[in-house]
Amino acid sequence: MEEGGSGGSGGSDSSTSGSGGAQQRELERMAEVLVTGEQLRLRLHEEKVIKDRRHHLKTYPNCFVAKELIDWLIEHKEASDRETAIKLMQKLADRGIIHHVCDEHKEFKDVKLFYRFRKDDGTFPLDNEVKAFMRGQRLYEKLMSPEHTLLQPREEEGVKYERTFMASEFLDWLVQEGEATTRKEAEQLCHRLMEHGIIQHVSNKHPFVDSNLLYQFRMNFRRRRRLMELLNEKSPSSQETHDSPFCLRKQSHDNRKSTSFMSVSPSKEIKIVSAVRRSSMSSCGSSGYFSSSPTLSSSPPVLCNPKSVLKRPVTSEELLTPGAPYARKTFTIVGDAVGWGFVVRGSKPCHIQAVDPSGPAAAAGMKVCQFVVSVNGLNVLHVDYRTVSNLILTGPRTIVMEVMEELEC
């Protein structure tokens with residue numbers, strides 16, 4: 001279960017209501033647009049939609065063609081039609097995230113005009129809110145890396161919360177990592193992060209204090225956003241779901257209500273793998289499971305049958321035989337807050353045992369029964385799923401996987 005963040009009001013104090021609440025909601029909306037825009041920018045770079053282009057003997061670096069982008073958005077189901085796609089991109093333009101390369105068109109048009117993300121040409125306006133947001137995002141990504149263990153499930157006043165940090169330990173970490181030169185400077189940074197709604201006390205009762213009190217990041221920077229969310233005028237806090245980026249995460253002790261997947265280890269013992277953070281996946285690496293929160297859709301939890309989904313055993317040699325009835329496919333999968341959304345099983349070669357229909361892998365086109373050929377350019381045809389699991393869990397959030405699929409399927 002999860003507990004809402006009270007609309008980001010910072011507690012019940014009346015001083016935070018009214019205009020303060022409106023300002024907080026505006027910060028939340030701005031943060032959502034920034035994250036959504038950045039996730040789109042990275043995807044467009046990966047798929048070469050953003051590239052250097054020439055027009056009238058002049059080269060325009062790192063830009064995209066508006067008409068081509070709209071085609072891409074519809075093809076990738078980010079927009080239902082061209083009119084909707086224009087509205088989505090206009091939202092990014094209105095927030096100063098994209099612009100016409102010569103700044104001659106303020107409106108986003110469905111024509112062959114060049115546009116660019118301001119982050120790609122260094123013209124993005126860095127006001128105090130944006131600076132605080134970018135600092136918070138960088139700290140969050142740093143803390144979520146496997147080498148850091150500061151974010152942990154902890155208990156305060158009899159309630160367990162996920163992904164928390166203790167104030168005093170966080171200050172130590174900031175100084176140790178060079179994010180602040182002194183403890184006082186680190187504490188001032190935390191006050192700014194709290195003021196801008198990036199961190200918050202777990203039960204929303206206290207300001208930031210150098211103590212044993214527990215705090216959380218209020219925003220899940222890694223949650224995979226859908227562009228259509230930009231057209232929802234409601235504040236994220238008013239539509240909180242189990243995967244809301246603006247709600248505090250409280251651990252559930254009721255398995256009937258928990259957002260969990262089931263996976264099966266080689267011993268056929270069923271384990272419950274809570275849909276939490278990516279770095280926690282290392283603790284369940286033996287299952288070869290890369291979870292993605294089931295709360296992103298109404299789909300039921302995924303049960304991985306101990307029995308292989310393959311109709312028959314297949315060897316690496318068979319896959320590589322000239323003329324064999326297999327087709328190669330390459331997927332670029334951007335992990336969300338909790339993983340990539342698929343299960344790897346088997347050995348020499350590994351195969352895809354299950355795919356969460358609401359996860360990043362399914363969105364990229366991954367299906368069960370596909371054989372894993374390479375991960376981020378490294379051939380894995382002759383290793384077992386534990387090795388493949390480790391490669392993915394210790395690698396970047398964006399993975400490039402090559403698979404082979406039987407043509408008859």
Side-chain angles (χ1 to χ4, degrees), residues 29-126 130 134 221 223-234 296-297 327-336 358-366 397-402:
R29 280 193 290 268
M30 177 203 71
E32 276 298 288
V33 176
L34 289 174
V35 173
T36 304
E38 179 62 9
Q39 289 182 354
L40 177 63
R41 185 183 74 88
L42 293 175
R43 287 179 68 190
L44 296 179
H45 271 288
E46 288 167 359
E47 301 204 18
K48 310 299 181 186
V49 177
I50 294 177
K51 58 186 178 181
D52 296 352
R53 301 174 186 269
R54 287 182 65 81
H55 181 67
H56 290 171
L57 302 179
K58 182 177 179 180
T59 299
Y60 296 86
N62 292 324
C63 62
F64 59 88
V65 179
K67 192 175 184 66
E68 292 179 5
L69 178 60
I70 290 176
D71 293 338
W72 186 91
L73 292 175
I74 294 174
E75 179 185 349
H76 288 75
K77 296 181 173 54
E78 290 288 354
S80 55
D81 51 57
R82 305 191 79 80
E83 182 181 356
T84 302
I86 292 171
K87 289 179 180 178
L88 291 169
M89 297 311 295
Q90 188 62 49
K91 287 280 186 181
L92 297 183
D94 291 342
R95 291 282 182 172
I97 293 173
I98 63 169
H99 68 120
H100 177 251
V101 291
C102 299
D103 289 319
E104 294 176 355
H105 303 275
K106 293 197 183 220
E107 293 184 354
F108 189 85
K109 300 179 179 180
D110 185 5
V111 293
K112 291 184 178 180
L113 288 174
F114 291 170
Y115 289 82
R116 184 186 291 128
F117 281 80
R118 289 191 179 276
K119 195 165 182 181
D120 284 331
D121 61 15
T123 62
F124 192 79
L126 295 176
V130 172
M134 294 179 71
F221 291 97
R223 181 178 71 86
R224 183 169 56 98
R225 270 72 173 174
R226 304 293 296 182
L227 274 180
M228 290 297 294
E229 294 176 33
L230 296 179
L231 298 183
N232 192 333
E233 295 299 326
K234 292 182 180 180
L296 293 178
S297 76
R328 287 182 182 245
K329 293 186 176 182
T330 302
F331 304 125
T332 299
I333 306 171
V334 182
D336 60 16
S358 66
M366 181 174 282
R397 185 157 54 108
T398 298
I399 58 174
V400 178
M401 290 187 64
E402 185 181 13

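Heavy-atom neighbours of Glu83 CD from other residues, nucleotides or ligands within 6.0 Å: at or below the threshold of 12. Counting non-hydrogen atoms of other residues, nucleotides and ligands closer than 6.0 Å to NE2 of His76 gives a total above 12.
Considering every non-hydrogen atom in both Arg53 and Val65, the closest pair reads NH1-CG2, 3.5 Å. What you find for Pro61 and Asp52 is that their closest heavy atoms are CA-OD1, 3.0 Å. Nearest heavy-atom pair, Ile98 versus Met89, reported as atom, atom and distance to 0.1 Å: CD1-O, 3.5 Å. Smallest separation of non-hydrogen atoms from Phe331 and Ala364: CD2-O, 3.3 Å. Between Pro360 and Val334 the shortest heavy-atom distance is CB-O, 3.3 Å.
Expressed to the nearest 0.5 Å, how far CG of Leu230 lies from OG1 of Thr84 amounts to 12.0 Å. Rounding to the nearest 0.5 Å places CZ of Arg43 at 3.5 Å from CH2 of Trp72. Taken to the nearest 0.5 Å, the CG atom of Leu88 stands 10.0 Å off from the CZ atom of Phe108. The distance from the CD atom of Glu46 to the OG1 atom of Thr332 is 5.5 Å, given to the nearest 0.5 Å. Rounding to the nearest 0.5 Å gives a distance of 12.5 Å between CD of Glu402 and NZ of Lys329. For the atom pair CZ of Arg95 and CG of Leu34, the computed distance is 8.0 Å after rounding to the nearest 0.5 Å.
Using cut-offs of 30° and 60° on the angle between ring planes, the pair His100 and Tyr115 is perpendicular.
When each of Leu44, Leu227, Ile86, Asp81 is checked for a side-chain contact (heavy atoms from CB on, under 4.5 Å) with Leu73, only Leu227 meets the rule.
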Inset, instruction - Decide salt bridge (Lys or Arg N to Asp or Glu O under 4.0 Å) for Asp103 and Arg118; before the verdict, give the C-alpha distance in whole Å, the side-chain angles of both, and the deciding distance to 0.1 Å. - result: CA-CA 11 Å; Asp103 289 319; Arg118 289 191 179 276; 3.7 Å; yes

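Side-chain contact check for Leu40 versus Ile97: every heavy-atom pair is 4.5 Å or farther apart. In this structure the side chain of Thr398 never reaches within 4.5 angstrom of the side chain of Leu42, judged on heavy atoms. You'll find the side chain of Lys67 stays beyond 4.5 Å of the side chain of Val111, heavy atoms only. Counting heavy atoms from C-beta outward, Arg116 and Thr123 have side chains that stay 4.5 Å or more apart.
Ion pairing of Asp94 with Lys106 is absent here, as no side-chain N (NZ or NE/NH1/NH2) approaches a carboxylate O to less than 4.0 Å. Under the 4.0 Å criterion applied to side-chain N and carboxylate O atoms, Glu38 and Arg41 are assigned as salt-bridge partners.
Of the possible donor and acceptor atoms, none in the side chain of Arg225 sits under 3.5 Å from a partner among the backbone N and O of Glu32. Counting only distance, with no hydrogens or angles, the side chain of Gln39 and the backbone of Thr36 share no donor-acceptor pair below 3.5 Å.
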